[in-house]
Amino acid sequence: MKTDPDSHLQTGHLQDDLRARSVSGAFVTLFAQWLKFALHFGSLLVLARILTPGDYGLVGMVTAVTGFVLLFKDLGLATATVQRAEVSQEQVSTLFWVNVALSAAIMALTAALAPWIARFYDEPRLTWITLALAGGFLIGGLAVQHQALLSRQMRFRAMAVIEISAQAAAVCAALAAAWLGAGYWALVIQQLVLTAWTTAALWITCDWRPGPPVRASGVRPLLRFGGSLTAFNFVNYVARNVDDILIGRFRGAAALGLYARAYALLLMPLRQINAPVARIAVPTLSRLQDQPERYRRYYLNALRLVALACMPLVALLFVLSREVVLVVLGRQWIEAAALFSIMAVAAFIQPVLSTSGWIYVSLGQAGRMARWGGLFALVY
C-alpha cells in the first residue's frame, strides 16, 4: 500500500497532544542519548588503551578540515523543513535533490583536498584517511530530508532506535578493527559504519520518497533560511576549530590528540543533556511560534532543565579532572588533565548560552543569528 507523501508533511494533528508528545519524546530521547553515551564511553575505555594519542591526532587533523567542509552538506535545509509551518511535497523533494547535489560536490572537493591536507600537516598517511572519509559524505546526504521529516513529525522514538542501533554497529566495527591491529583506521571505520547504518535505517523507517525537483516550488525562502543558518555555523565552526588546525600544524599529532581528547571528554557528558533537549525543543517551539505565551513557558522550562543538569556536572568535572582522565583514558593521557580543567571553566556557562539558538531557529530568525554569531566569533 502506497503511503500518501503529504502525511509526512502535515503537522496539524500534533497540536492536540503537543505537550504529551514533547514530554514523552524528552524521556525517550534522553534515554537514547544516555544509552548512546554508554556505548561510546565503553568503546572509549577500550580504544584509548589500544590506540595511541597519535592515532587520534591523525584522524583529528583530517576531521578539523573535513568538519569545515561538512558545514555545507545540508545547507541548513533539514532545519528549514522542521521549522516551517507548512511545506509541500514539491518543496521537500527539491530540497532532497539539492542536498544530494551538495553532498556529491563536497565528496569531490574533499577528495581533491586530500593531497593538500597531507602536505599541509606534512603527514602522508592523511591522504587515504581523507579519501575514505569523503566517501561517507554522499551516503549521509541521501538521508537529510528523511531525518528532518521524522523530526518534523516528532517521531522521537523511531529516531532513538535508529541512533542507538547505528552507534552500536559503529562501536562494534571500531572495536573489532582495533583488536585486529587496524590502528587509526578503526576510528575511520567507526565513522563510515555510523553514517551508512543511519542512512539505511532512515530510508527504511521513513517511507517518504522524493519526486523530481521542481523549479517553481517556492523553495527560495527555505534556501534563504538554510543559507543564513549555514553562515552562522560557518563562523561558529571557524571560531571553535582554528585551535585544532594550528595545534596540529605546529605541534603535531600527539599534542593535538591530547588537546582534542580533553575537549571531547569534557563535552561528552554535556552533549548527553543538551543534544536531546535541543532535539525536542526546536520542533516543539517551531509548532508554538504563533502562541507566544506557551512558547515562552516552554522555553523557560527547558532552560531551567539545562542549567540544573549541566552546571553542577561541570563543577564536578573541574574538581575531579585528573581522576576523570585517569579512569576514562588511562595514564598515557595524563597530560590532558590540565587542559581538561581549564576548559571546564568556560564550559560552565556554555550549555545555557547555546539555548539562544533554539529561539532564533524556531522563529525563523536565522539571518539575525548569523549576524550575532559573526560578532561573537570575532570576540572568540
Side-chain angles (χ1 to χ4, degrees), residues 22-49 56 60 67 156 159-160 163-164 167-168 170-171 236-237 239-241 243-244 257-282 284-285 297-331 333-359 361 376 380:
S22 178
V23 172
S24 64
F27 279 112
V28 169
T29 306
L30 281 168
F31 173 77
Q33 189 73 17
W34 280 99
L35 188 54
K36 288 192 301 178
F37 170 73
L39 287 168
H40 181 70
F41 186 76
S43 68
L44 181 62
L45 288 174
V46 179
L47 288 174
R49 286 161 173 79
Y56 280 94
F156 301 117
M159 291 192 293
E163 291 172 359
I164 292 170
Q167 184 79 359
V171 165
N236 188 58
Y237 183 87
R240 291 181 178 275
N241 287 275
D243 48 355
D244 284 2
L258 291 168
Y259 183 83
R261 278 299 90 194
Y263 185 71
L265 183 60
L266 179 62
L267 288 186
M268 190 187 303
L270 299 182
R271 283 174 175 164
Q272 312 318 308
I273 300 168
N274 258 32
V277 174
R279 175 165 295 179
I280 305 297
V282 171
T284 303
L285 290 171
R297 286 198 303 272
Y298 184 91
Y299 171 74
L300 289 175
N301 287 334
L303 178 63
R304 291 189 187 99
L305 173 63
V306 170
L308 287 172
C310 291
M311 286 183 166
L313 178 59
V314 173
L316 180 64
L317 292 174
F318 173 79
V319 173
L320 300 176
S321 58
R322 182 181 176 85
E323 289 77 8
V324 169
V325 170
L326 284 173
V327 170
V328 177
L329 300 178
R331 185 161 296 278
W333 295 86
I334 192 60
E335 292 179 69
L339 298 169
F340 185 86
S341 61
I342 294 171
M343 292 175 182
V345 176
F348 184 74
I349 195 66
Q350 180 59 36
V352 172
L353 294 178
S354 66
T355 65
S356 62
W358 307 348
I359 300 175
V361 171
F376 289 135
Y380 223 62

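Along the sequence shown, residues are numbered consecutively beginning with 1.
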Checklist outcome for this item: CG of Leu45 to NE2 of His40, rounded to nearest 0.5 Å, is 10.0 Å
Item to check | Heavy-atom closest contact (Trp358 atom, Val277 atom, distance) | outcome: CH2-CG1, 3.4 Å
Checklist entry - When rounded to the nearest 0.5 angstrom, what distance separates CD1 in Ile334 from CG in Leu326? => result 3.5 Å
Item to check | Gap between atom OG1 of Thr355 and atom CG of Leu300 - 0.5 Å precision | outcome: 9.5 Å
Checklist outcome for this item: When every non-hydrogen atom of Ala337 is compared with those of Val325, the smallest separation belongs to CA-CG2, 3.8 Å
Item to check | Trace of the side chain to side chain contact (heavy atoms under 4.5 Å, CB included) decision for Phe318 with Val324 | outcome: CA-CA 9 Å; Phe318 173 79; Val324 169; over 6 Å; no
Next on the checklist: Please determine whether side chain to side chain contact (heavy atoms under 4.5 Å, CB included) holds for the pair Ile359 and Leu285, giving the CA-CA distance in whole Å, both sets of side-chain angles, and the decisive distance to 0.1 Å.
Outcome noted: CA-CA 8 Å; Ile359 300 175; Leu285 290 171; 5.6 Å; no
Next on the checklist: Rounded at 0.5 Å granularity, tell me how far CG in Leu266 sits from CD in Gln350.
Outcome noted: 10.5 Å
Checklist entry - Rounded to the nearest 0.5 Å, how far apart are CZ of Phe156 and OG1 of Thr284? => result 5.0 Å
Next on the checklist: Nearest 0.5 Å, please: how far is CH2 in Trp333 from CZ in Arg261?
Outcome noted: 6.5 Å
Next on the checklist: More than 12 heavy atoms of other residues, nucleotides or ligands under 6.0 Å from CD of Glu323: yes or no?
Outcome noted: yes
Checklist entry - Going by atom types only, do Tyr259 and Asp243 share a side-chain donor-acceptor pair under 3.5 Å? => result yes
Next on the checklist: Quick check on Arg322: does its CZ atom have over 12 non-hydrogen neighbours (other residues, nucleotides or ligands) under 6.0 Å away?
Outcome noted: no
Item to check | Minimum heavy-atom distance between Phe340 and Ser321, given as atom pair plus value | outcome: CD2-CB, 3.4 Å
Checklist entry - side chain to side chain contact (heavy atoms under 4.5 Å, CB included) between Met311 and Val306: does it pass, once the steps are laid out? => result CA-CA 8 Å; Met311 286 183 166; Val306 170; over 6 Å; no
Checklist entry - Of all heavy-atom pairs between Val171 and Leu39, which one has the smallest distance, and what is that distance? => result CG2-O, 3.9 Å
Checklist outcome for this item: Closest heavy-atom pair, Ala347 versus Val314, reported as atoms and distance to 0.1 Å, is O-CG2, 3.8 Å
Checklist entry - For Leu258 and Tyr56, what are the C-alpha separation, side-chain angles and deciding distance, and is it a side chain to side chain contact (heavy atoms under 4.5 Å, CB included)? => result CA-CA 9 Å; Leu258 291 168; Tyr56 280 94; over 6 Å; no
